[in-house]
There are 2 protein chains.
Amino acid sequence: MPQPVKHSIEAMLDAARALVLAGGPAAASARAVCQATGASSGSVYHRFPRRDDLVAAAWLRAQDRFLHAYLDALEPASAEAAAHAAVSVLTWCGAHPEDAALLLRHSLRDLLRGDISPALAARAEADRQALDAALTATAAATGIALPDLILAVVDLPYAVARRTLRDGATPTPADAAALHRAATLLLADRPC
Amino acid sequence: MPQPVKHSIEAMLDAARALVLAGGPAAASARAVCQATGASSGSVYHRFPRRDDLVAAAWLRAQDRFLHAYLDALEPASAEAAAHAAVSVLTWCGAHPEDAALLLRHSLRDLLRGDISPALAARAEADRQALDAALTATAAATGIALPDLILAVVDLPYAVARRTLRDGATPTPADAAALHRAATLLLADRPC
DNA sequence: TTGCAACTAGAGAGGTCTCTCTAGTTCATG
DNA sequence: CATGAACTAGAGAGACCTCTCTAGTTGCAA
């Protein structure tokens, strides 16, 4: 019944992401997204009531995509799956360089001009809780202390991915191997 | 011979840092620094020709301070010194929570509105090369492969520091002990 | 005393951005 | 056809920011 869509939400999110990556959070203005997509400001504001909502939606889309892959890799709760999930961070980053760069180079807070809106905060919080639940389940199933688990399969892969993607490079198999070895080593309850 | 200084550079950098930490990069405007320090815009622009220079100077001051401590800890190139350097990241963060938060939560790029100026880029690059040189020397002296070394004494401490500082907490001795153990484990050529 | 360099002070030009508002378009449906 | 929901379009008010510019102040040195 409505007029056919000329400018898709996805295109706007893609543009916002590209603008952030090219010129930092400040470059992702509603105006710049209008110019990049060819949409008018009315069109953009019809979908995203505020500039912050647009940019946050781009970031949360990337996080949702990442978490989908990561939680899948973590699925059969075991130490092996945990090490696999750690490595999967790197492979996902290689497969989705733009979303990965967005997540690794910017926190959600960084992208926003004002305070975070309740709806966005709720969505981010839900993602966080899904991750928490999966990690807690793995910790319970393997007997690994939660802080140790988090260090090995969250913080460490994050640090490696962040470093390797810093210059726009993609993680190499050697990076993945080193990370797998380190994660396995850290997950072993008593080393030797 | 000149008029006595009323507003110091350090105070302006402190204000810029506090503004970034409280409200994100966008909050650190030249105007906000004027209000926070009581200095007039003329006074601020007398010292920093551009807003970006001011914010970048605050970030680079923090990085210089950190690297000074870190490279010192890395000094007598050995596996023990490397593990010690890893732990020194945490102790430094505990001793300098504001500079640490600035470095851990924001990259230099994040803070700037426009592209990075050549002088700033050169200073950041010099810091990066000093770190590279120190790590390469340690790798050569200890026989540890450079990627493994980086993982243990750069990525791992970064991950731990980032996590502990996320909520504004300071690293505990237990964190330091756990990090030392993990770093030593990763640096051991053949575990067991 | 005079000169001068470093500094303070703040008004305001000019720019960019957000977001609103009015007006119009398109098309499945009754 | 006529209606109305979803959408497009873009002008512009108002806010905020950067940076410049003029005008002055201060205190050492000659």
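Here is how names work: the chains are called A, B, and so on, in the same order as the sequence lines, proteins then strands, and each is numbered from 1. Hydrogens, waters and symmetry mates play no part in the numbers below; they use all other heavy atoms, side chains included.
Here the straight-line distance linking atom NE2 of B:His96 with atom CG of B:Leu102 works out to 13.5 Å at 0.5 Å rounding. Note that the CG atom of B:Asp99 and the CZ atom of B:Arg17 stand 4.5 Å from one another [nearest 0.5 Å].
Listed by residue number, there are no residues of residues 10-22 of chain B with a heavy-atom contact under 4.0 Å to DNA chain D.
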Enumerate, atom names and distances included, each donor-acceptor pair closer than 3.5 Å involving a side-chain atom of residues 136-143 of chain B, sequence neighbours excluded.
| unit_1 | atom_1 | unit_2 | atom_2 | d |
| --- | --- | --- | --- | --- |
| B:Thr136 | OG1 | B:Asp132 | O | 2.7 |
| B:Thr138 | OG1 | B:Ala134 | O | 3.1 |
| B:Thr142 | OG1 | B:Thr138 | O | 2.7 |
| B:Thr142 | OG1 | B:Ile144 | N | 3.3 |

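Rounding to whole angstrom units, CZ of residue B:Phe48 and P of C:dT8 are separated by 12 Å. Nucleotide D:dC19 holds its C1' atom 17 Å from the CZ atom of B:Arg47, rounded to whole Å. Atom pair B:His46:NE2 and D:dT25:C1' shows a separation of 13 Å (rounding to whole Å applied).
Proximity of a side-chain donor or acceptor of B:Asp52 to a complementary backbone N or O of B:Leu112 within less than 3.5 Å is not detected. The closest donor-acceptor contact from the side chain of B:Asp175 to the backbone of B:Thr172 lies under 3.5 Å.
One finds no salt bridge joining A:Asp155 and A:Arg162 here, because no Lys/Arg side-chain nitrogen approaches an Asp/Glu carboxylate oxygen to under 4.0 Å.
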(request) Spell out protein contact along nucleotides 13-20 of chain C as letters: B when the base is contacted, S when just the sugar-phosphate is, - when no protein heavy atom is under 4.0 Å; keep the 5' to 3' order. (result) ----BBBB

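Aromatic rings of B:Trp92 and B:Tyr70 (six-membered ring for Trp) have centroids beyond the 6.0 Å cut-off, not under it.
Note: A:Tyr158 and B:Tyr158 have parallel aromatic rings, judged against thresholds of 30 and 60 degrees for the angle between ring planes.
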